[in-house]
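Please read the structure below before turning to the comments.
Note that the structure is a prediction, hence the values are computed from the model and not measured.
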Amino acid sequence: MQEGSFVWTHLEKQHRVVEKKIDRLWLLVLLLAAVILFTINLGGLPLQKGDETIVAQVAREIWQAPADSMRWLYPTLGGEPYHHTPPLMHWLIAGTYSLGGVNEWTTRLPSAILTAISVPLLYCLSREVFRQRGVAIYSSLIYLTMLPVVCYGRLAILYGPVVSLLILMMWFVLRSRRDLRYCLGIGISFSLICLIQGVTGIYLGAIVLVFLYWDTPRLLTCYYFWMGIFIGCLPVLCWYGFELFHYGYPLRLDINTIVNGTNNTNGNSQPPWYYLLEICKWTWPWLIFLPQIIRITWENHNLSWAKLIIVWFGVYLLIISLISVKLPWYILPIYPSLALAIGFGLTEMSNVPLFSSYPRAWVTSLAILAVVASAGSIYFSWKTLDTVELQIIFAAVTLTMTLAAILLERGDKQFLKILIWGTYVSLFLVMRSNYWLW
């Protein structure tokens with residue numbers, strides 16, 4: 001019995017080693033694919049007026065300040081004190097200025113790299129939630145091939161890095177249910193979010209509290225949980241303490257800063273359903289699977305993964321929908337939850353026997369997308385040579401949607417691989433062109 005137990009234990013250890021090696025390989029592949037997509041032609045277009053130019057100006061003034069000044073701790077915008085958001089990202093951008101000079105590429109690089117890291121982080125989160133490598137792979141690749149994630153993640157705005165830290169915080173939350181030492185990681189992640197985007201950290205922290213209240217309420221009464229959060233949040237408390245000491249009380253913050261965590265007033269007052277329309281406009285082709293995925297998620301609402309997705313999507317969407325000033329990249333933290341849900345739902349449906357039928361609406365939707373993309377390619381073929389890039393992009397989308405629709409019609413589960421790979425290539429062509437920023 002002892003020898004048999006030893007052999008079995010040895011085989012289990014070997015299996016775990018192989019599993020870890022495979023996971024590390026996938027993390028490396030996902031990181032490489034994300035970095036390529038997020039950094040290609042990064043400095044090809046000028047900075048957007050608004051958040052990008054404000055972040056760049058603050059970072060430039062930090063970089064240009066004398067070494068013996070306290071400008072790094074008390075940044076300025078146009079010579080006036082800038083205390084709308086903590087300067088963590090501005091410090092990183094100022095650091096890239098010192099290495100590569102002041103230009104669009106160095107301004108966007110820190111945010112683009114940090115957002116690219118969110119792709120392998122989502123793989124880790126999905127492995128923790130679902131335990132299935134296939135779900136983790138598909139969720140990460142679906143997230144990587146969402147147009148808003150790539151487009152807004154490349155900009156020198158604060159929401160891309162916040163998404164990475166949010167995914168990391170959620171991973172710590174799930175791990176802390178089995179090991180309370182990970183509670184410190186929750187606090188550190190929350191602290192870094194607050195040091196990047198200020199009050200937005202409170203919105204994302206609300207997702208954690210609601211999820212734990214529904215799924216693991218015992219953690220909310222645990223001393224180690226709150227102690228870990230308090231220790232992790234000490235840097236935020238110190239920074240706001242320095243602000244109060246330097247500027248006095250009260251700080252001169254307008255209501256837009258308090259509510260939105262930004263001093264950008266370029267956002268328009270939109271109706272509460274503005275962000276739902278943004279999802280419907282820019283989440284293709286993955287939007288066609290959403291009705292079926294919502295049904296699967298709701299049917300399993302008593303399971304932890306479904307609770308996480310419902311709370312993540314619902315709570316954050318409710319909060320940002322109630323805020324008066326709306327900007328399109330405010331919705332960026334919601335896309336990881338959509339990717340998790342779609343990745344799980346499609347993986348489950350792909351496990352059915354080969355050549356079984358898929359919903360007819362999927363085939364029809366992909367066929368419609370193929371027709372629209374082909375029409376776009378034909379339209380731009382009549383234009384000047386300046387639109388050749390758009391013609392190629394639409395042709396790639398047409399080929400992808402056509403092949404995926406054919407495989408779906410045949411009931412072949414390989415359609416998902418074709419759809420992911422074709423969408424990635426199409427996005428690469430978009431980011432390689434001069435049309436990725438609008």
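Taking each heavy atom of Thr96 and Pro110 in turn, the nearest pair found is CG2-CG, 3.5 Å. Tyr240 approaches Pro86 most closely through the heavy-atom pair OH-CG, 4.2 Å. The minimum heavy-atom distance between Arg127 and Asp23, with the atom names listed, is NH2-OD2, 3.1 Å. Nearest approach of Phe190 to Ile202, heavy atoms of both residues: CE1-N, 4.1 Å. Scanning all heavy atoms of the two residues, the minimum distance from Thr423 to Thr400 falls at N-CG2, 3.9 Å.
The closest side-chain heavy-atom distance from Pro336 to Val163 is below 4.5 Å. In this structure, the side chains of Leu346 and Tyr138 stay at 4.5 Å or more apart for every pair of heavy atoms. Side-chain contact check for Leu92 versus Met89: some heavy-atom pair is nearer than 4.5 Å. At least one side-chain heavy atom of Leu125 sits less than 4.5 Å from a side-chain heavy atom of Leu340. Within the 4.5 Å cutoff, the side chain of Asn41 has heavy atoms near those of the Asn434 side chain. Contact of the Thr145 side chain with the Trp286 side chain is registered, since non-hydrogen atoms from C-beta on lie closer than 4.5 Å. Using a 4.5 Å cut-off on side-chain heavy atoms (C-beta onward), Pro161 and Leu192 make no contact. No side-chain heavy atom of Ile320 sits less than 4.5 Å from a side-chain heavy atom of Lys326.
More than 12 heavy-atom neighbours from other residues, nucleotides or ligands sit within 6.0 angstrom of CZ on Arg131. Crowding of Trp214 atom CH2: a count of heavy atoms from other residues, nucleotides or ligands under 6.0 Å exceeding 12. With a 6.0 Å radius and a threshold of 12 heavy atoms from other residues, nucleotides or ligands, Lys417 has its NZ atom at or below the threshold. More than 12 heavy atoms of other residues, nucleotides or ligands sit less than 6.0 Å from atom CZ of Arg295. For Trp284, the CH2 atom counts as densely surrounded, since its 6.0 Å shell holds more than 12 non-hydrogen atoms of other residues, nucleotides or ligands. With a 6.0 Å radius and a threshold of 12 heavy atoms from other residues, nucleotides or ligands, Trp239 has its CH2 atom above the threshold.
Taking SG from Cys222 and CE from Met227, the interatomic distance works out to 10.5 Å, rounded to the nearest 0.5 Å. Residue Leu155 holds its CG atom at 5.0 Å from CH2 of Trp436, rounded to the nearest 0.5 Å. In this structure, the separation between CD1 on Ile207 and CG on Leu318 is 10.5 Å, given to the nearest 0.5 Å. Here the straight-line distance linking atom CG of Leu165 with atom CD1 of Ile188 works out to 11.5 Å at 0.5 Å rounding. Note that CD1 of Ile229 is 9.0 Å distant from CE of Met169, once rounded to the nearest 0.5 Å. One distance of note links CG of Leu166 with OG1 of Thr200; it measures 11.0 Å at 0.5 Å rounding.
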Exercise. Checking ring pair (Phe, Tyr, Trp, His ring centres under 6.0 Å) for the pair Phe211/Trp312: CA distance, chi angles, key distance, verdict?
Worked result: CA-CA 8 Å; Phe211 169 69; Trp312 191 335; 9.5 Å; no

For this session: Please report the C-alpha distance between Ser118 and Tyr143 in whole Å, then the side-chain angles of each, then the deciding distance to 0.1 Å, and finally whether the side chain to side chain donor-acceptor pair (under 3.5 Å) criterion is met.
Result: CA-CA 9 Å; Ser118 68; Tyr143 171 73; 2.9 Å; yes

Exercise. How far apart are the C-alpha atoms of Ile117 and Leu31, what are their side-chain angles, what is the distance that settles it, and do they pass the side-chain contact (heavy atoms from CB on, under 4.5 Å) test?
Worked result: CA-CA 6 Å; Ile117 295 175; Leu31 180 60; 4.3 Å; yes

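Using a 30° and 60° split on the angle between ring planes, Phe415 and Phe289 fall in the tilted class, from 30° to 60°.
A salt bridge links Glu128 with Arg178: at least one charged nitrogen is closer than 4.0 Å to a carboxylate oxygen. Using a cut-off of 4.0 Å between Lys/Arg side-chain N and Asp/Glu carboxylate O, Arg432 and Glu389 are scored as not salt-bridged.
For the residue pair Ser176/Tyr224, the side-chain donor-acceptor check at 3.5 Å is not satisfied. For Ser111 and Tyr159, the side-chain atoms include no donor-acceptor pair closer than 3.5 Å.
Taking the six-membered ring for Trp, Trp305 and Phe344 have ring centres closer than 6.0 Å.
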